[in-house]
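Remember, it's a predicted structure, so these values are computed and weren't measured experimentally. In what follows, every chain begins at residue 1, and chains take the letters A, B, ... in the order their sequences are listed.
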Amino acid sequence: MSENLTPDKGTTEPVTPVTRQGKISSRTIEHFVAPLEETPLAAVDNVDETTVSLSLWADAWRNLRKQPLFIISALLILLVVVVAIVPGLFAHVDPTSCTLADSAEGPRSGHPLGFTLQGCDVYSRMIYGTRASLTVGIFTTLGVLIIGGIMGALAGYYGGWLDTILARLADIFFALPLILGAIIINQLPLFRDNKSVWTVVIALVAFGWPQIARITRGAVIENRNADFVMAAKALGLSPFRALMKHVVPNSLAPIIVVASISLGTFIVAEATLSFLGIGLPFSVISWGNDISAAQTQVRNNPSVLLWPAVALSITVLSFIMLGDALRDALDPKARKR
Amino acid sequence: MTHVSHINNAKSVDSKTARDADTPLLEIRDLAITFDTSNGPVHAVRNAHLSIMPGETVAIVGESGSGKSTTALAAIGLLPSNGRVSGGQIFFDGEDITKASSKRIVELRGSSIGMVPQDPMSNLNPVWKIGFQVKETLKANGLAGANSKERVAEVLAEAGLPDAAARAKQYPHEFSGGMRQRALIAIGLACRPRLLIADEPTSALDVTVQRQILDHLDRMTTELGTAVLLITHDLGLAAERAEKLVVMYKGQVVESGPALEILRNPQHPYTQRLVNSAPSMASQRLQSQKAKDALASAAAQTQESVSADGHSVPVAKDPMVVPSSVSPVIPGHAAKGETILEIKNLTKVFKLRGALGKATDFKAVDDISFSVPRGSTTAIVGESGSGKSTVAQMTLSLLAPTEGSILFDGVEVNTLKGKALFDFRRRVQPIFQDPYGSLDPMFNIYRTIEEPLKIHKIGDKKSREKKVRELLDQVSMPASTMQRYPNELSGGQRQRIAIARALALNPDVIICDEAVSALDVLVQAQVLNLLNELQEELGLTYLFITHDLAVVRQIADNVCVMQHGRIVETSSTDEVFNNPKQVYTQELLNAIPGASLLV
Amino acid sequence: MVMFTFRRFLQLIPVFFGATLLVYFLVFATPGDPIAALSGGKPMAPAVEAALRAQYNLDQPFWVQYGLYLKNLVTLNLGQTFSGQEVSAVIGRAYPVTARLAVMALAFEAIFGVFFGVIAGLRKGKLFDSTVLVASLVVIAVPTFVLGFVLQLVIGVQLGWAKPTVSGTAPWNQLILPALVLGLVSLAYVIRLTRASISENMNADYVRTATAKGLSRRRVVVVHILRNSLIPVVTFLGADLGGLMGGAIVTEGIFNVPGIGNLLYKAILNGETPTVVAVVGMLVIVFVLANLVVDLLYAWLDPRIRYV
């Protein structure tokens, strides 16, 4: 900007036209010409028709397929999703049929990981707990994407007072950490009395959206003044349709990356809330609840706490690794020539 | 005129005279450089050789990707981490740099070999003051001394920075581009190196600033006896500044020798191509193939032979494809020569936010008027900040003017709404500068060119596909390009796609905002030729926004010269070039590198 | 610079009001009666209920209530807990403990995070880098409370290197383990951020120019890469202070630290609304002030923004 406004102060020298006739050396300089066969002349700027053509997503996919980080995380996520949908395939013991006679018993045939204090099968509860965590993670991420995505995109694209208001609003929500905000919402009488997966989702969405809004806003701002958007408008496309057709698709990559990592952190947040006793109701089988229940006997029977914690960590880890892999694959800098 | 001090130079002058002046200071022999990429090794430079005598200026000329910068960076041990010298030697003062220890290379850098980098905007660390960045150079090479502050100011003043002592206390973002480049020159020459590597030192700057800085650099290096390795894409500039030229193409040296000799008598076909296309050498407007044929046959009738030597004809004769197989379209509206676009008293004021939200007015465009005749090309030429792009955006109705009117075919553009605006969009199309930004990377080429047809609901799927094929053919791109994505194409190819998209709606006017500025010389010539042929065929009107007078010479019929938001001179192209009225126009003309070398 | 500080300060005012308003609104104005909640849902004598309503200004219109709350917050007149203690006194006892904990955690993040991040960034792709990267991923994935239990069990109980729980006075040495747990996740983020920032800046043009000037490798790294790379890290650390306060709820619970987090958690479980609102209001003030400090640090590190 400064260059546009202030004239170059370096122009203090006289601008007497120097007759520039080129320099002629006193030395003799050999005139070398490479033989033509060494560097055959190609036509100017011809299209290389031999390469395979790929869209951005196809290109990213091709890169991803070769990345061990992606393969491992994708397989793990697939496993977790299948377990969440049909837990019965993996565990044949009812996680809710607990007999106090088995309280804190060790592993035995059919019960590979032993029993909890209440005499429930640890393995079975670990398998059945997947669904709650994944549901909260996925729906919170969806909610955050919808609210934060729309807010961020509108603020970034239209700017002006809308941007100012939305940015301040995001700042306000940012001032309260996710866990703290969710705790406050969850202890409201309305929420405390109706505990379910959905109250947890709402609480997390309410304080989780500003992050996605910021990322989206940044990505949209980066693209809104791109020449291709200007060109589309000059073709007669309305500003809103230019946003939908050109700006949003080009802004998706960073949002997807952050959403994937956020999904992991939302699962951790849910577990933390359940651990504190203000997340999911105890009737729902969840890793957070099980860890919470196991904490009293962590010193004499740590494996009861360990197994749900391991399942939780692996799930979160796979989403974060997926985000990392996507970040590398979708990096626009790597794609630009 | 700045005074160049010789205090620190005494030693090197002595050693220089002691040595045989006929041994090269830098000699590169059979150099090969390889980059390890994820797709396997890439041989960026092969068999390169060049030599620089003490005090001599040698220029490496080539297009982007020719390996010219890579060769130069190897000479100062600054190859990127995935690059390595895979063969040959680089002798600096008889010492092979490719075998030197990293400690030795650190010793050489700054004090024996200096560097002036390309982009002044990114080459100064934004978080340190200019003076600090100069001082650490002196310090690192043991030249700071007791009064380092004064020495810093001296060095900056030598590079032509006014008020140097005060300027040294500022940060890079408080400097303009030209001033930053001067600071970088000061840094490069601060320790009196015997060799200076100048990598496109002025290509990011306006022509007039470019000329001043190069003049200054010339003077300084001559006085200090510094040898210069100048890297440039501009043949005219190279020929004007260097004794010796080295032409690189695809990682190899194809020709080298005395600068003027190469310019006047190029031997290698690539060099010939370069000389023929160099815009700064052009002396007349491009002519379409048809007009040329007519001219040639007329000439053949009167005179038996047409000169085969084509220095002054900017159109090359070798395989640069020019479309010829398209049926001519007769412009349907007004006759050629009639005014199609008329700009009257146009003004644009931007409100700039100052401290504490105080708004200050900035007149980007100040009361300008001009008209564009149908079927011709009008160029608006000016340096950065002159307001020329703002004019383009207002003419496209993408930006509302503060005052004044824009008449298109007699209709006021500003007040257009709804359907009328939609129709206007169909008839006036833009082509933008950045070939990497003007196409949506998520759209394949077919969708890109089809988009205008879809927006304006023209034809069905089948007829649209046919139209896209036709358009691709018109811009000489194979039909297989349809399934490709912009990132798979080169800058010039993208620009041709942008032209095809602009043509899809059969517009009357195309507004080219620096449409060829980012392209390599040969590709630029090719695109200009294409634009010219299309104009002839389709009766198009161009409004051509550019900073480059050389391009104006090749494409424009009329010129408006803009400075600080005003039009200072407007006339026919020939008149402006042959008989410039304004000092500013003369300055601009004088700044075109190499203009006087061929005539 | 003075101007810049002033402007930043002005911008933080709406954040403070907005955040406190939000919390107040959530706690007092959402469906469900806070007074009924106070008594645990049991029926209450009308006189007692009216007295309670008057005490918390619930008989006033919402905006008046909020204004009084702010006034009380600023004058530290925060009401009483169920057990009849002054809330301000309780907070006064708990605050220094949490402040100590947070400062230790932050220092731990900043020192080790930047140290490992810089080395990993400079040696991108080497063994050290990969090890640090994998370790940071694991730390992020394992929830803080699990890490807390594991470290408490291993270091506190089995190895006996530190006391597994913190005593009432919460001296510095007993807080080391809780601070480690509290800062560990953010430490991983700091490492990743520093690493990315360093490896990006290593390819910057000005770094190449600095090398071309003849500077030693060490000087190039320290003077030209490090300072520029720290800018985003500083921003993260400032914003993280708020996150640490949230994390303190879990960490203090596990190690039984008598700090703000523990206080807040107990108040929430017992439904002590005035304490909740007061503590959260204090946290917002801390967050806002931390942001101001970050902005000033940022301006000091990056001269470009002082003039924006």
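- Rounded to the nearest 0.5 Å, atoms CG (A/D171) and CG (C/N291) are 8.0 Å apart.
- Around atom CH2 of A/W209, more than 12 heavy atoms belonging to other residues, nucleotides or ligands sit under 6.0 Å away.
- Proximity to chain C (any heavy atom under 4.5 Å) is restricted, for A/I278, to the side chain, taken from C-beta onward.
- The CD1 atom of A/I172 lies 8.0 Å from the CG atom of C/L21; values are rounded to the nearest 0.5 Å.
- Neither the backbone nor the side chain of A/L169 comes within contact range of chain C; no heavy atoms are under 4.5 Å apart.
- Interface remark: A/L276 contributes backbone and side-chain atoms alike to the contact with chain C (heavy atom separation under 4.5 Å).
- Proximity to chain A involves both the backbone and the side chain of C/V15, based on heavy atoms less than 4.5 angstrom apart.
- For C/L137, the parts lying under 4.5 angstrom from a heavy atom of chain A are both the backbone and the side chain.
- For a residue to count as touching a neighbouring chain, one of its non-hydrogen atoms must lie under 4.5 Å from one of that chain's; by this rule A/L176 touches chain C with the side chain only.
- Residue C/T144 holds its OG1 atom at 10.0 Å from CZ of A/F275, rounded to the nearest 0.5 Å.
- At most 12 non-hydrogen atoms from other residues, nucleotides or ligands lie less than 6.0 angstrom from NZ of C/K124.
- Using a 4.5 Å cut-off between heavy atoms, C/F16 does not touch chain A at all.
- For a residue to count as touching a neighbouring chain, one of its non-hydrogen atoms must lie under 4.5 Å from one of that chain's; by this rule A/D324 touches chain C with the side chain only.
- Scanning both residues, A/A175 and C/A19, for their nearest heavy atoms gives CB-CB, 4.1 Å.
- Of the atoms belonging to A/S318, not a single heavy atom falls under 4.5 Å from chain C.
- In this structure, CG on A/L180 lies 11.5 Å from CZ on C/F287, to the nearest 0.5 angstrom.
- If you measure heavy-atom distances from C/L264 to chain A, the contacts under 4.5 Å come from the side chain alone.
- For A/L305, the part sitting under 4.5 Å from any heavy atom of chain C is the side chain, from C-beta outward, and nothing else.
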